[in-house]
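Whatever order the structure lists them in is the order used to number ligands and atoms, beginning at 1. Quantities reported herein were computed from a predicted structural model and do not represent experimental measurements.
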Amino acid sequence: ACGSEDEGANGDGGDSESNGGKLEELQEAGTVTIGFANEEPYAYEEDGELKGAAVDIAAAVFAELGIDNMKSQLSNFDSLIPGLQANQFDVVTAGMAITPDRCEQAAFGEPEMVYGEGLVVQAGNPLNIQSYQDIADNPDIRVTVMSGATEVGYLESVGVSDDQVTPADDIPATFSAIQADRADVTTATEMTLRMAVETAGDDLEFVDNFEQPDIEGVPSYGAAAFSKDNTELRDAYNEKLKELKEDGTVAELLEANGFDPESNMAEAGEITTESVCSGENY
Ligand SMILES: CC1=N[C@H](C(=O)O)[C@@H](O)CN1
């Protein structure tokens, strides 16, 4: 559980002076550095521009805090929390799912979006894979998944064996593995895969009739993540985020990035980060 966020990662950080320092430091510089993993439609670079729902929401929040510029640092997904802890960036904007384990390592903002899972297979779905259970039931099915992603644990929790799973560095690498017949299927968030198949070859297919797994962690609540030493920055972020949810800005930004505000909007106060961290809503 993560009921002790204010104590800092090692129990020694988080004094109010250094916390206030970070927010002030960013405000004075006018620039915040974000960590991201190049995953459309959450946070990605296109034509030299930073895009995505998590980026747009963070930009709007930081603008409200008087911080108008964003620098970015691209990272593998599984290096985002370590990078945050090593101070390589001030915030992770990757639509990262709040989980009890991650709450031990980072201070999450309030949820910015709710999302489910998806599957991509070889065109025609030759093994007729429609659920995580289908993968667990057939030990010959090989699944590739991005390292550090929640899906690694989801597969394990439904009984997919470790030998069936090949880790990959990023989403394009999961697609390459299927295209090279080193894997039969990949799983990632529904929106990630919907977007990525659009630009992939005809040899891949998004599984339309995928059954969402009924397991802990699904659906996920995506949020910005901060260092445990910067909880005052996180609190200031949350205050502005709440306003931008209430005035409709967050719903607009989700929709502009392809999300459905009806099903993907995390309404202010509905599901709190604390309740996901504690396991109550996980
Ligand atoms: C947006 C996103 N969410 C999942 C996670 O938080 O682990 C992974 O699927 C990686 N990307």
Legend entry - With Phe259 via ring-ring contact (aromatic ring centres under 6.0 Å, His included) - residues at least two apart: Tyr42

Inset, instruction - Indicate yes or no: does Glu246 engage Lys242 in a salt bridge with an N to O separation below 4.0 Å. - result: yes

Inset, instruction - Count the heavy atoms belonging to other residues, nucleotides or ligands that lie under 6.0 Å from CG of Asn128, then report whether that count exceeds 12. - result: yes

Legend entry - Residue shell around ligand 1, heavy atom under 4.0 angstrom: Glu39, Tyr42, Phe77, Ala94, Gly95, Met96, Ala97, Arg102, Tyr115, Met146, Ala149, Thr150, Glu151, Thr189

Legend entry - Short side-chain donor-acceptor distance under 3.5 Å, Tyr132 and Thr187: yes

Legend entry - Counterpart residues, side chain to side chain contact (heavy atoms under 4.5 Å, CB included), relative to Arg142 (two or more places apart): Asp181, Asp184

Legend entry - With sequence neighbours excluded, residues passing side chain to side chain contact (heavy atoms under 4.5 Å, CB included) with Asp90: Lys22, Leu26, Val32, Thr33

